[in-house]
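Reading through the structure tokens given below for one structure.
The first residue of the sequence shown is numbered 1, and numbering continues consecutively from there.
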Amino acid sequence: MAATEIVRQMGEGCRSLPLSAHVGFDSLPDQLVTKSVNHGFCFNILCVGETGLGKSTLMDTLFNTKFESEPNSHSQPGVQLKSSTYDLTESNVRLKLTVINSIGFGDQINKEDSYKPIVEFIDSQYEAYLQEELKIKRVFHNYHDSRIHACLYFIAPTGHSLKSLDLVTMKKLDSKVNIIPIIAKSDAISKSELTKFKIKITSELVSNGVQIYQFPTDDETVAEINGTMNAHLPFAVVGSTEEAKIGNKMMKVRQYPWGTIQVENESHCDFIKLREMLIRVNMEDLREQTHTHHYELYRRCKLEEMGFKDTDPDSKPFSLQETYEAKRNEFLGDLQKKEEEMRQMFVQRVKEKEAELKEAEKELHEKFDRLKKLHQEEKKKLEDKKKSLDDEVNEFKKRKTATELLQSQQAGGSQTLKREKERKNFF
């Protein structure tokens with residue numbers, strides 16, 4: 001009998017039994033809490049939105065601290081992702097918070113590919129976790145999980161509708177991360193405009209099939225508040241680290257000539273709702289959704305690309321060893337095929353090169369023969385010319401000798417005549 005069948009039968013035959021006395025495993029939740037507190041928690045937030053919507057300010061406001069961050073340069077040609085990790089402690093609970101900011105998002109003239117660096121960044125975090133998971137020796141006890149648990153998508157308070165950039169980006173991200181849309185700087189529009197704007201955003205998200213994160217309602221302890229808060233999405237928020245005294249309390253505010261916006265006043269904005277839902281009620285569910293839904297989807301797709309499946313074509317359980325052997329044989333077959341193709345290509349190229357060299361050698365021989373023949377012809381012409389010149393020189397010498405002889409004879413005759421004439425004159 002197969003091991004899987006045995007396990008299935010054991011599961012089907014499980015019975016519930018009463019205990020006659022206290023055993024103690026009811027302390028498991030306390031043990032889990034203690035272990036978790038000692039180990040600490042991690043939470044990773046991705047802030048996506050156009051420049052100037054107050055992403056950094058809202059993070060400072062949410063966690064009641066001033067994150068050390070330098071002003072970002074927006075002269076880059078594309079979207080850059082900047083990640084910063086901080087260790088926070090509250091009532092002995094340690095939180096490793098990572099804030100990822102999208103720098104330059106929406107700054108380009110051509111915004112068609114603005115979402116790609118964000119998608120690639122999210123996938124790279126899943127890939128890093130998957131590679132760690134596939135290792136033989138894993139170190140998850142001290143591994144820093146960098147997967148994105150929540151994506152705060154900042155929407156500009158235009159009061160009209162979502163920009164095409166926002167719709168395209170959220171559509172690309174909804175299957176990879178928990179998206180919580182928020183209307184940034186919501187004090188820029190009136191309450192009536194804000195209400196209409198929320199309805200318009202929700203309608204556009206639904207009509208375009210964008211799946212945003214819904215606060216869970218399956219837990220009775222938070223079902224009511226989460227169900228209520230789902231109806232308030234997207235949250236209209238205002239962020240500020242400036243404080244002023246309101247009554248007898250110091251409050252975070254934004255001060256204007258016409259009045260003061262209280263960040264933590266629910267009649268002014270939804271900041272309290274966002275903080276409650278993101279941090280105080282659903283932080284663990286966001287972490288769980290990331291692992292059980294988004295990461296599992298990425299993991300399944302990657303393993304299927306690698307050829308791993310749960311069942312074979314006959315719907316029988318697939319053995320990992322068999323899958324490995326099949327992929328190994330397939331890889332070796334492909335390797336041998338490529339090796340043979342490369343060998344054939346090498347032989348073909350060698351033959352082509354040999355043919356080229358032979359043709360070149362033939363051309364060189366023909367050129368040599370032509371040059372040799374031309375040299376011989378030139379040499380013969382020079383020899384003939386030399387012989388002609390030699391004959392002319394000899395002829396010239398003969399003529400010169402004859403001329404000199406004739407001149408000497410004429411000179412001798414003239415001397416004789418002169419002497420005879422002188423002698424006659426004497427007598």
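- Counting heavy atoms from C-beta outward, Arg299 and Leu303 have side chains that approach closer than 4.5 Å.
- When only modelled atom types and interatomic distance are considered, Ser146 and Gln125 share a side-chain donor-acceptor pair under 3.5 Å.
- Note: Asp174 CG to Thr169 OG1 = 11.5 Å, rounded to the nearest 0.5 Å.
- For the pair Arg94 and Phe41, the cation-pi test (distance below 6.0 Å, angle within 45°) is failed.
- The local environment of CD in Glu366 is crowded, with over 12 non-hydrogen atoms from other residues, nucleotides or ligands closer than 6.0 Å.
- Taking the charged nitrogens against the carboxylate oxygens, Glu377 and Lys380 have no contact shorter than 4.0 Å, which rules out a salt bridge.
- Partner of Tyr295 under the side chain to side chain donor-acceptor pair (under 3.5 Å) criterion, out of Glu133, Gln289, Arg147: Glu133 alone.
- Of the possible donor and acceptor atoms, one in the side chain of His268 sits under 3.5 Å from a partner among the backbone N and O of Gln262.
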- Test salt bridge (Lys or Arg N to Asp or Glu O under 4.0 Å) applied to Glu132 and Lys135, step by step: CA-CA 5 Å; Glu132 182 65 29; Lys135 286 182 180 179; 3.0 Å; yes
Worked check of side-chain contact (heavy atoms from CB on, under 4.5 Å) between Leu152 and Ile45:
CA-CA 7 Å; Leu152 297 182; Ile45 302 177; 4.0 Å; yes
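- The main-chain N or O of Val263 is never found under 3.5 Å from a side-chain atom of Arg254 such that the two would form a donor-acceptor pair.
- Asn38 contributes a side-chain N or O that, together with a main-chain N or O of Thr34, makes up a donor-acceptor pair within less than 3.5 Å.
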Report the C-alpha separation of Arg399 and Glu395 in whole Å, then their side-chain angles, then the decisive distance to 0.1 Å, and conclude whether the salt bridge (Lys or Arg N to Asp or Glu O under 4.0 Å) test is met. CA-CA 6 Å; Arg399 289 180 181 179; Glu395 183 65 24; 3.5 Å; yes
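- Closest approach of Thr202 to Leu233, counting heavy atoms only: OG1-O, 3.6 Å.
- Ring geometry for Phe215 versus Tyr213: interplanar angle over 60°, hence perpendicular rather than tilted (30 to 60°).
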Open item on the list: For a salt bridge (Lys or Arg N to Asp or Glu O under 4.0 Å) check, start with the C-alpha distance between Lys273 and Glu276, then their side-chain angles and the critical distance, and finish with the verdict.
Closed with: CA-CA 5 Å; Lys273 297 182 178 67; Glu276 288 289 325; over 6 Å; no
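- Shortest non-hydrogen contact noted between Ala223 and Thr217 is CB-O, 3.3 Å.
- Here the straight-line distance linking atom CG of Leu274 with atom CG of Leu62 works out to 5.0 Å at 0.5 Å rounding.
- Remark: the backbone N or O of Cys47 is paired with a side-chain donor or acceptor of Ser102 at under 3.5 angstrom.
- Within a 6.0 Å sphere centred on CD of Glu90, other residues, nucleotides and ligands contribute 12 heavy atoms or fewer.
- By the 4.5 Å heavy-atom criterion applied to side chains, Leu162 and Met170 are counted as neighbours.
- To the nearest 0.5 Å, the span separating SG on Cys151 from CG on Asn44 amounts to 12.5 Å.
- Around the CZ atom of Phe346, the shell of radius 6.0 Å holds no more than 12 heavy atoms that belong to other residues, nucleotides or ligands.
- For the atom pair Leu46 CG and Leu81 CG, the distance stands at 6.5 Å (nearest 0.5 Å).
- With no hydrogens or angles considered, no side-chain donor-acceptor pair links Gln344 and Gln348 at under 3.5 Å.
- Checked against the 6.0 Å centroid criterion, the rings of Tyr143 and Tyr129 qualify as a close aromatic pair.
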Discussion item. Walk me through whether Asp390 and Lys386 qualify under salt bridge (Lys or Arg N to Asp or Glu O under 4.0 Å).
Written reply: CA-CA 6 Å; Asp390 289 342; Lys386 182 176 179 294; 3.4 Å; yes
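- Using a 4.5 Å heavy-atom cutoff, the side chains of Asp166 and Ile201 are not in contact.
- Here the rule is side-chain contact (heavy atoms from CB on, under 4.5 Å) with Ile182, and of Leu53, Ile155, Leu58, Asp270 only Leu58 fits it.
- Side-chain contact between Val119 and Lys176 is present, with at least one heavy-atom pair separated by less than 4.5 Å.
- Ion pairing between Arg300 and Glu296 fails under the 4.0 Å rule for side-chain N and carboxylate O.
- If you check the side chains of Thr51 and Asp107, you find a donor sitting under 3.5 Å from an acceptor.
- None of Val210, Leu205, Ile179 except one satisfies the side-chain contact (heavy atoms from CB on, under 4.5 Å) rule with Lys171; the exception is Val210.
- Between Thr85 and Lys96, the closest side-chain pair of non-hydrogen atoms falls below 4.5 Å.
- Within a 6.0 Å sphere centred on CD of Glu340, heavy atoms belonging to other residues, nucleotides or ligands number more than 12.
- Crowding of Asn92 atom CG: a count of heavy atoms from other residues, nucleotides or ligands under 6.0 Å not exceeding 12.
- The nearest pair of heavy atoms linking Ser186 to Val238 is OG-CG2, 3.6 Å.
- Within the 4.5 Å cutoff, the side chain of Cys42 has no heavy atoms near those of the Leu95 side chain.
- In this structure, Phe63 CZ and Arg275 CZ are separated by 10.5 Å, a value rounded to the nearest 0.5 Å.
- For the 3.5 Å distance criterion, the side chains of Asp60 and Thr65 fail to qualify, holding no donor opposite an acceptor.
- For Asn142, the CG atom counts as densely surrounded, since its 6.0 Å shell holds more than 12 non-hydrogen atoms of other residues, nucleotides or ligands.
- Not one N or O on the side chain of Ser91 forms a donor-acceptor pair closer than 3.5 Å with the backbone of Val93.
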(request) Take Phe197 and Thr158 through the side-chain contact (heavy atoms from CB on, under 4.5 Å) test and state the conclusion after the steps. (result) CA-CA 8 Å; Phe197 191 34; Thr158 61; 3.6 Å; yes
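- For the residue pair Lys252 and Asn64, the shortest heavy atom distance occurs at NZ-OD1, 2.8 Å.
- The minimum heavy-atom distance between Pro181 and Pro234, with the atom names listed, is O-CB, 3.3 Å.
- In this structure, the side chains of Gln108 and Pro77 stay at 4.5 Å or more apart for every pair of heavy atoms.
- A salt bridge (charged side-chain N to carboxylate O under 4.0 Å, His left out) check over residues 36-56, counting only residues at least two apart or in different chains, returns the pairs Glu50-Lys163.
- What you find for Val253 and Glu243 is that their closest heavy atoms are CG2-C, 4.3 Å.
- Within a 6.0 Å radius of CD in Glu220, other residues, nucleotides and ligands contribute 12 heavy atoms or fewer.
- Annotation: Lys111, atom NZ; neighbour count of heavy atoms from other residues, nucleotides and ligands within 6.0 Å is above 12.
- No hydrogens or angles considered: a donor-acceptor pair under 3.5 Å links the side chains of Gln31 and Ser27.
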inquiry  = Between Ser207 and Glu204, does the side chain to side chain donor-acceptor pair (under 3.5 Å) criterion hold? Intermediate values first, please.
reply    = CA-CA 5 Å; Ser207 62; Glu204 289 184 340; over 6 Å; no
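- Put simply, CG on Leu97 and CZ on Phe43 are 8.0 Å apart, with the number rounded to the nearest 0.5 Å.
- Side-chain contact between Phe105 and Val48 is present, with heavy atoms from C-beta onward closer than 4.5 Å.
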